[in-house]
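Heads up, the thing below is written out as structure tokens.
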Amino acid sequence: MLRSCIFIAALIALTGSVPIQKAGKDWYKNSLVYQIYPRSYKDSNGDGIGDLNGITSKLEHIADIGADALWLSPIYTSPQVDFGYDVANFTDVNEEYGTLADFDRLVAKAKSLGLKVLLDFELNYSSDKHEWFKKSIQRIKPYDEYYVWRDAKIVNGVRRPPNNWLSNFGGSAWEWNEVRKQYFLHQFAVGQPDLNYHNADLRQEMKDVLTFWMKRGVEGFRCDALNYMYEDTRYLDEPLSNAPGVPDNDYDYLDHIYTKNLPETYEVLKTWRQLMNDFSATADTKMILTEVYADLDLTIKYYTSGSTVPFNFMFISDLNNKSSAPDFKRFIDRWINNIPDDPSYVANWVVGNHDNHRAASRYGEKRADQLSILSLILPGVSVVYNGDEIGMLDRDFTYEETKDFAGCNAGPDRYYLKSRDPERTPFQWDNSTSAGFSTSNKTWLPVNSNYRTLNLAAQKTASISHYRVFVALAQLKKKPIIERGSLETVLVTEKILGVIRRYESSVVAVLVNFADTPVTVDARTWMNIPDQMIIYVSSVHSKLVPASLVDTTNITVPGSASIVLTTDLN
Ligand SMILES: *[C@@H]1O[C@H](CO)[C@@H](O)[C@H](O)[C@H]1NC(C)=O
Ligand SMILES: *[C@@H]1O[C@H](CO)[C@@H](O)[C@H](O)[C@H]1NC(C)=O
Ligand SMILES: *[C@@H]1O[C@H](CO)[C@@H](O)[C@H](O)[C@H]1NC(C)=O
Ligand SMILES: *[C@@H]1O[C@H](CO)[C@@H](O)[C@H](O)[C@H]1NC(C)=O
Ligand SMILES: *[C@@H]1O[C@H](CO)[C@@H](O)[C@H](O)[C@H]1NC(C)=O
Ligand SMILES: CC(=O)N[C@H]1CO[C@H](CO)[C@@H](O)[C@@H]1O
């Protein structure tokens, strides 16, 4: 039962100032990492493309939402075939995004706001425009072995690729080079030749790249597609996956036993961790985030190989809007129970990213806040993609509008299954031209037409908004109860997931309703919480009033709503 009993103190707590970010060796253990997609964040020069100076001008927003670190998707020199994931120079900034001097200004301002800067590290391949590749084609030492070159297989007098390996973007992973008269491997686009980590000179080059950026103040790296780093040097055909309905040129047609998750990957990661620890023994712990879409045991192994945050993609890969409360409980418990037993290892919760549909689109608008609530109340590192703090939605694209070549390659009938454009549209700052992203009305990807109502400025002034929910949660996250409190997950009913954090005499309790109709429960008994608690925040569509007192013995959770209750607001 709800009573509209408003506490003045509660309101002050809800609108109070943002706590200071943490420093020190343990800073990462209860941190909020905010992912920025630079091309779509903020355009400072009116060319319709986001840039570094744009990001610098918006760093206050990142501090305001309580982030500890910002991770920039690739900013390196690139022909932009895969929007920056194809790197032509690992130690320079893409012209469209600015210069190294702009980068230095970004880092300096971030530091002044207590924010750490993390970079994406594209370790697996380079662009075919990279000098190394040009020299490798010419067989110039030491570059000749920087890439994976193999002779053709001649079948009945016809030249064929060395084996059946497929690219993640469809078709053979091998491309013939007329000059060198060999095939090179590209597990992604043709313009992204795979680097050869079996070569010691190449391994050293990549370490030098890490050092280059650490000298410029970078405090961690997110390693892209790490599990593809090595492949089996016997170059055997991969077996068929027998996945139903998958065409024979689709990556999912094969079972990737020779090109993914090889044990050498873990060894290379350990050398990078050592390098980063040695770089500055007195500084805060450097963060390594590893992107691996793999089974739990393979993912968990990255903890003990130097990763601070082996991305936990459960909210993306394992769970969706059809999942039940027991499904959520099972996956959350499984992760918590599998973290290696050492206080240096903490959980992490990824809400969304630039490769997957937006959280509010995956789970539906009524559940837009559910993942933010769970990721910020559960212990450990919360990883949030820019725009999710205001509940941005996917934009539907036609095939003609599609820019992402993963979509273009899939063709007009399947592009929408592969394209990542929907979740990459410009950030919606306000209701002015191009949502305040750019002064130009022509932007590299179209702005979602919902920006007139769905934007940051509007959400800052509204009394209830995704932004307000998010900021309130981030403030709560800084408190000892979330940083150090105990954790329990319970099924209050088959439809209601409960998450309880306790610290000294305080309690924070989350109730998530997986039914789309209201459910009334005795949360007091099933969650062992006080009879009366205060609504700290609740999902926007719940229509519940923050700071009101509830009787937990008979509490009604609206359909699809999530509620965060507290015992006190101090
Ligand atoms: C990469 O950029 C750096 C500037 O940091 C420049 O000095 C270097 O020559 C470039 N390397 C290549 C291979 O183009
Ligand atoms: C549930 O997810 C599917 C797939 O992402 C989506 O198409 C559908 O709109 C979602 N349902 C709701 C109610 O949003
Ligand atoms: C875009 O801007 C140009 C120049 O300011 C203007 O002429 C045009 O009407 C605008 N287009 C749209 C769709 O707003
Ligand atoms: C645009 O946003 C401003 C500030 O948020 C607001 O005052 C104004 O009413 C909005 N205009 C429209 C047309 O929504
Ligand atoms: C619980 O609350 C509902 C209304 O939300 C009310 O109808 C019901 O009588 C209450 N039950 C008890 C035991 O108080
Ligand atoms: C995803 C990707 O391109 N992975 C490559 C990473 O680098 C190794 C170098 O040995 C390649 O073989 C992988 O295919």
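As a basis for the values below, the full set of heavy atoms in this structure was taken, side chains included, without hydrogen atoms, waters or symmetry mates. Whatever order the structure lists them in is the order used to number ligands and atoms, beginning at 1.
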**OP:** Measure from the side-chain N and O atoms of R180 to the backbone N and O of D144, and report whether any donor-acceptor pair falls under 3.5 Å.
**Re:** yes
Original post:
Quick check: does any side chain N or O of S167 sit under 3.5 Å from a backbone N or O of F188, one acting as donor and the other as acceptor?
Top reply: yes
Subject >> Per-residue contact class, T77 against ligand 1 - non-hydrogen pairs under 4.0 Å >> reply: neither
Original post:
Which atoms from ligand 1 have a heavy atom of L100 less than 4.0 Å away?
Top reply: 5 (O)
Original post:
Does CD belonging to E60 count more than 12 external heavy atoms closer than 6.0 Å?
Top reply: yes
Original post:
Would you say R452 has more than 12 foreign heavy atoms packed within less than 6.0 Å of its CZ?
Top reply: no
Subject >> Nearest-contact summary for atom 9 (O) of ligand 4 - protein heavy atom, Å >> reply: N431 ND2, 4.7 Å
**OP:** Look only at the side chain of K329 and the backbone of T489, and say whether a donor-acceptor pair between them is shorter than 3.5 Å.
**Re:** yes
**OP:** For N554, take its heavy atoms, then give the atoms of ligand 5 lying under 4.0 Å from any of them.
**Re:** 1 (C), 2 (O), 3 (C), 8 (C), 10 (C), 11 (N), 12 (C), 14 (O)
Original post:
Hey, are E401 and R395 close enough for a salt bridge, meaning a charged N less than 4.0 Å from a carboxylate O?
Top reply: yes
Subject >> For atom 5 (O) of ligand 4, closest protein heavy-atom neighbour >> reply: A457 CB, 4.1 Å
Subject >> Structural part of T91 in contact with ligand 1, heavy atom criterion under 4.0 angstrom >> reply: both
Subject >> Which residue and heavy atom of the protein sit nearest atom 6 (C) of ligand 1, plus the separation >> reply: N89 ND2, 4.1 Å
Subject >> Atoms in ligand 5 flagged as close to T556, the criterion being non-hydrogen separation under 4.0 Å >> reply: 5 (O)
